[in-house]
Amino acid sequence: MTSPARPRRRTVVGLGGLIVVIVALYVTVVALYASGSEVVSSGEENVADGAVSLVLSPEKMDAATNRLTLSLLPGQTGVNDYTDGIVVEKPFSVLVSAIAGSRAVHYEADTLVAPTELSFVMDGAVEQWPFDRYSVRSFLVPVVDDAQGESVPLPSTVHLSGRGISGWDIAMTERDGPDGFVTVEFTASRSGATVAFGIVLLTLMVIIPTLVLVVAIAVLRGRRKVEITALGWMGAMLFATIPLRNFLPGSPPIGSWIDYLIVLWVLAALVAGLVVFVIAWWRRGPA
């Protein structure tokens with residue numbers, strides 16, 4: 001004799017598994033957010049005596065315009081011929097490439113050293129959100145003018161520091177270039193918390209039309225009674241999709257790959273659910 005408790009037991013086990021998955025997902029997203037954004041640098045903080053240390057701090061990343069903004073603060077270790085990080089002893093300049101605006105930052109003697117914002121032009125596509133990645137290769141070199149008026153590079157190093165930019169992982173790789181030029185490569189990618197947040201939100205968007213289609217098909221097959229109030233619920237889900245899509249972190253522009261891969265078909269499935277439900281209601285005839 002078959003025990004009648006088995007279906008209920010299966011339901012309880014299935015519900016328990018769903019709760020475990022939800023809790024695990026919750027803990028993962030919170031842990032990724034708590035880990036914060038990363039700032040990785042291959043430059044050395046401790047440099048040789050007399051070398052100019054160029055310290056860069058991330059300030060802002062604008063994916064819409066492909067701009068990474070860093071603040072530059074020069075310093076010097078050991079014998080401070082040019083600056084001690086607070087006051088400029090001798091005039092010098094810092095040449096920078098791949099930035100928007102002036103490509104030289106000048107420091108005059110007997111002036112206070114103040115952070116200078118540099119806006120690097122990155123190579124990347126925001127339409128690939130949340131897996132978009134941006135990079136740029138640049139050189140930063142402090143120089144002084146010799147007796148002939150020619151620029152002579154100074155020994156230097158570049159280091160990336162700071163607490164990072166919310167929602168972004170910033171990394172810098174330093175390479176030795178020709179003629180004393182220090183070549184660096186900056187990369188910016190979405191943090192793990194942002195990617196996880198986006199994936200969870202997109203998954204919820206897929207679940208909504210799935211539920212609508214399940215209800216609509218069940219009503220069409222006569223397994224459930226036609227209740228016109230369900231039509232209002234389906235319509236509300238349709239109009240809730242766009243605000244939910246605009247809630248994605250990083251505000252991916254309309255026309256991103258997620259719109260073609262997920263959002264467009266979520267809207268289509270919701271409309272299909274409405275059509276199926278209306279067909280079921282029409283077949284029922286007058287009350």
Side-chain angles (χ1 to χ4, degrees), residues 1-30 32-33 63-64 125-132 167 190 192-287:
M1 182 176 179
T2 304
S3 174
R6 284 186 178 178
R8 183 178 180 182
R9 188 177 305 168
R10 291 176 182 175
T11 302
V12 172
V13 173
L15 183 60
L18 179 61
I19 293 176
V20 171
V21 171
I22 293 175
V23 171
L25 186 62
Y26 174 82
V27 172
T28 301
V29 173
V30 173
L32 287 173
Y33 179 78
V126 69
E127 291 79 12
Q128 297 176 0
W129 183 98
F131 303 109
D132 47 336
R190 307 280 179 180
T194 300
V195 175
F197 190 100
I199 292 176
V200 171
L201 204 56
L202 292 172
T203 302
L204 297 178
M205 292 178 63
V206 173
I207 292 175
I208 291 175
T210 302
L211 296 177
V212 169
L213 285 172
V214 168
V215 172
I217 293 174
V219 172
L220 181 65
R221 292 182 175 181
R223 295 182 179 180
R224 291 293 184 271
K225 183 174 62 175
V226 177
E227 296 181 4
I228 199 64
T229 53
L231 194 62
W233 165 68
M234 295 179 181
M237 294 300 99
L238 178 62
F239 287 102
T241 301
I242 299 303
L244 193 62
R245 185 252 182 252
N246 293 335
F247 189 63
L248 292 171
S251 301
I254 301 298
S256 300
W257 72 271
I258 59 168
D259 293 324
Y260 292 94
L261 187 63
I262 297 177
V263 179
L264 175 63
W265 306 110
V266 166
L267 294 174
L270 288 172
V271 172
L274 284 169
V275 171
V276 171
F277 191 88
V278 169
I279 293 175
W281 169 80
W282 184 262
R283 285 183 177 180
R284 186 188 67 170

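The two residues A63 and D132 make their nearest non-hydrogen contact at CB-OD2, 4.4 Å. Here the shortest heavy-atom pairing between G273 and A216 reads O-CB, 3.4 Å. Of all heavy-atom pairs between P249 and W129, the closest is O-NE1, 2.8 Å. Of all the heavy atoms in Y260 and G255, the pair that sits closest is CE1-O, 3.4 Å. Contact between V271 and L238 at its shortest, heavy atoms only, is CG2-CD1, 4.1 Å. The shortest heavy-atom contact between V226 and A280 is CG2-O, 4.1 Å.
With rounding to the nearest 0.5 angstrom, the CZ atom of R284 is 13.5 Å from the CG atom of L220. In this structure, CG in L270 is found 9.0 Å from OG1 in T210, a value given to the nearest 0.5 Å. Here I258 contributes atom CD1 and F131 contributes atom CZ; the two are 10.5 Å apart, rounded to the nearest 0.5 Å. Here the CD1 atom belonging to I262 is positioned 10.0 Å from the CG atom belonging to L201, to the nearest 0.5 angstrom. Interatomic distance, T241 OG1 to L267 CG, rounded to the nearest 0.5 Å: 5.5 Å. Taking CG of D259 as the reference point, atom CD of E127 lies at 10.0 Å (rounded to 0.5 Å).
The closest side-chain heavy-atom distance from V263 to M205 is below 4.5 Å. Side chains of L248 and L202 form a contact here, defined as non-hydrogen atoms less than 4.5 Å apart. R283 is listed as a side-chain neighbour of I279, based on a closest heavy-atom distance under 4.5 Å. For the pair M237/L211, no side-chain contact is recorded, criterion being any heavy-atom separation below 4.5 Å from C-beta on. Contact of the W233 side chain with the V212 side chain is registered, since non-hydrogen atoms from C-beta on lie closer than 4.5 Å.
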Begin with the C-alpha distance, continue with both residues' side-chain angles, and end with the deciding distance and a verdict on side chain to side chain contact (heavy atoms under 4.5 Å, CB included) for V215 and M234.
CA-CA 10 Å; V215 172; M234 295 179 181; 3.9 Å; yes
